[in-house]
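Taking it in order: structure first as structure tokens, then the write-up.
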Amino acid sequence: MSAGCKHAEWKGEDKMLEIVLCDDEKYLRTDLKKIIERELDLCGHTCRITEFDSGETLVRTLDAKTYDIYFLDIEMKELNGLETAKRIRQKTDSGEIIFVTSHPDFVFQGYEVRALNYILKPCEEKKIISVLYDALKQLDLSKEKYYLIEQRSGTIKLPLSKTKYFASERRFVKAVTTDFAHTFYGKLNEIESQLPDFFIRIHNRCLVNLNFIESIDGDSVLCDGKKLQVSRSCKQNLSIAFAKYMLK
Amino acid sequence: MLTLIYILNIITYFTYGYFFFLLLKSFLPMHDSKLIRFFGYLVCNAITGAIIYPNDPVNVAGYFLLFILYMFLFHKGTWYAKLSTVLIFYPIVVSINYLTEDFGRLIWLSGNGEMSLLFEEILHSVTLSLRIPFWLLLWYFCKNLIPLVAGTLTFRMWMILDIICLTSFVGILTIIIYAPENTWITYPACLSNILANFGCIYLSAYIANTIKTDLELENLKYQQSYYNELEQNQQNMRKLRHDMQNHLSVISIFFQNENKEQAEVYFQKLSDEITAATHTFCQNSIVNAVLNSKYNLAMQHEIDCFFNIDLDNLISMDDISLCSLFGNTLDNAIEANLKIPDLSYRSLSVKARCSNKFFSYEISNAKENEIITARKKILTDKANKKSHGFGLLNVKDIVRKYNGTMDISFTDNSFTITILIPLF
């Protein structure tokens, strides 16, 4: 029996989980499929597992379809796993990539194709499950979250992935997104407590989305082309959060 | 005649100022702009020309502040290096100026103040010109000694130097501000003060040299691990070739007996043996050797490893720093893991990446022992406190050297170090 359903973050949604297994050896796909299906079933997730026997066939379907999790065998004929991953990333930035390899001296370099992890063949069940949960957690984190601004005229839904920063001035807070800026009554401290951790405090009066930070130098950051002040007391926190963000 | 003497005095003034300027420049690098350097030279003249009279605290303090201002405006380097430079050189400036000035005054006094103006001025010029050979000699002796001081001394080393210099600094100020009637009594103190600070300059160069040698030694150590790695590979290959005949005959026997299961087991074992080779984590062969040896060590102890390393654009950090950074943190992480008896809890995650003009690094390991801290410092948990290493301290020094940021965080069963270093 597997480790059981210890994963709570991923709320089983209506949307079916789309999983890809890409390996040119059928019996290894079957193995993996069995473990994944059983584990997700146990947690009450509905999933559809699509099998491919080559990178080319997988890449060809990508124009019409997107997937959530890709298990890619590294040693495939013609298009190998790494090349397949590169092609996937050319088409889409979403979805988690996991490499599967039988080479013990395989070196995982995931940053270029934003791959999550790798599994060594013969696949150990415990490892597959822990990587699978990691992927589910990551998928949940990458889902769009909103900040709700309650106003007399109605509620505004602020998509956080598009929000560059929050800046406060006296009793007002200005939220700047890629499309518009909106000013409302509010306290930065209260907003901060409700935001995911990719928002980081750089100043008494400013919360910045790490995804938009282009550079840090001295006492300012470049946030999507705009220079924002960093206070001395926030600098350490910002640097470390930035390092963690880049290593994600 | 008098104008001629004035012109001579001005030339003297700018000459010894120039040597002082050169001396400071070789001690701590200046900003690159020519204009800034020129202004720096002018201010240098003002500092070395400091007029120091006995019982005059105002001038002593004023020139001290000017010197500090000069260091912070015109020189590069950390604040403590700048401050230390002031502490080392200011007592020398004060001593030599006081001596030359006061010596002239004594001669003048011995003549009961009945001198012609011309003679007075000539006397003044002569004592003033004594400063030229002094600064020339000091510069001449120091220029070969000190070029490497600024880059290599660490914060702690500077502090030690500062403490030594503080003695002469406070000494000379006290002597001059509370100078007795017979000022010549203070002369030996001033002279010994100059010698002491010259000794300090020499000492700083000596320490810097030692540190450099240490670094080279460390470099050699890492190179050694690289060669060991190569050697090990060679041996494995030779052994394998030697044993191949043997293996093949064993397998052929299995086949003859149609014993498929045992053949499979044997194959697996053989393939494990072949593949226990080196990984290519990065292009830099020495850094790679360090990573490999630690990775293999971790694997031997059945630590669950996750390495995600992308160092392709890393140019501005030197090999030794990088090796030391990886080596020290990995040693600590592996050591902590070894103290966990239950193998399934052992884990190690290493992430390093160069992008967005930053080197980001995070190493995270499982642990069991409690972290012992005292005054925000993490202490060793080794039974013999004296056998602790300088791992974390070395890492901190490297991060400081590259103006980076470092964070240490831990829970009951994990320990994480995160580092961000700007690249140029």
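Chain identifiers are assigned alphabetically (A, B, ...) following the order of the sequence lines, protein sequences preceding nucleic acid strands; residue numbering begins at 1 within each chain.
Counted within 6.0 Å of OH on Y345(B), heavy atoms from surrounding residues, nucleotides or ligands total 12 or fewer; the atom is thus considered open. Counting non-hydrogen atoms of neighbouring residues, nucleotides and ligands closer than 6.0 angstrom, the CD atom of E368(B) exceeds 12 such neighbours. No more than 12 heavy atoms of other residues, nucleotides or ligands sit less than 6.0 Å from atom CZ of R87(A). Atom CG of D412(B) sits in a sparse spot, with 12 or fewer heavy atoms from other residues, nucleotides or ligands closer than 6.0 Å. Residue Q283(B) qualifies as open at atom CD: its count of foreign heavy atoms under 6.0 Å is 12 or below. Heavy atoms from other residues, nucleotides or ligands lying under 6.0 Å from CG of D197(A) number 12 at most. With a 6.0 Å radius and a threshold of 12 heavy atoms from other residues, nucleotides or ligands, K162(A) has its NZ atom at or below the threshold. Atom CZ of R89(A) sits in a crowded spot, with more than 12 heavy atoms from other residues, nucleotides or ligands closer than 6.0 Å.
Contact annotation for K357(B): neither backbone nor side-chain heavy atoms come within less than 4.5 Å of a heavy atom of chain A. I216(A) touches chain B through backbone and side chain together, each having a heavy atom under 4.5 Å away. Looking at Y245(A), neither its backbone nor its side chain comes within 4.5 Å of chain B, counting heavy atoms on both sides. For chain B, no part of N237(A) is nearby; none of its heavy atoms comes within less than 4.5 Å. Using a 4.5 Å cut-off between heavy atoms, N403(B) does not touch chain A at all. When heavy atoms are compared at a cutoff of 4.5 Å, S349(B) does not approach chain A at all. Neither the backbone nor the side chain of I421(B) has a heavy atom closer than 4.5 Å to any heavy atom of chain A. If you measure heavy-atom distances from K235(A) to chain B, you find no contacts under 4.5 Å at all. Contact annotation for L120(A): neither backbone nor side-chain heavy atoms come within less than 4.5 Å of a heavy atom of chain B.
The candidate from F307(B), F359(B), F306(B) with the greatest count of non-hydrogen atom pairs under 4.5 Å with chain A is F306(B).
With rounding to the nearest 0.5 angstrom, the CZ atom of F106(A) is 11.5 Å from the OG1 atom of T280(B). Expressed to the nearest 0.5 Å, how far OG of S130(A) lies from CG of D304(B) amounts to 7.5 Å. If you take NZ on K248(A) and CD on E362(B), they are separated by 12.5 Å, rounding to the nearest 0.5 Å.
Closest heavy-atom contact between K126(A) and S344(B): NZ-CB, 4.1 Å.
Remark: the backbone N or O of F281(B) is paired with a side-chain donor or acceptor of Q109(A) at under 3.5 angstrom.
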Test log, rule side chain to side chain donor-acceptor pair (under 3.5 Å), inputs T418(B) and K244(A)
CA-CA 7 Å; T418(B) 313; K244(A) 284 185 193 287; 3.2 Å; yes

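Between F242(A) and F358(B), the closest side-chain pair of non-hydrogen atoms falls below 4.5 Å. Residues I240(A) and M406(B) form no side-chain contact, since every pair of their non-hydrogen atoms from C-beta on lies 4.5 Å or further apart.
Each of I309(B), N308(B), D310(B) was evaluated against F108(A); a single residue qualifies, N308(B), per the side chain to side chain contact (heavy atoms under 4.5 Å, CB included) test.
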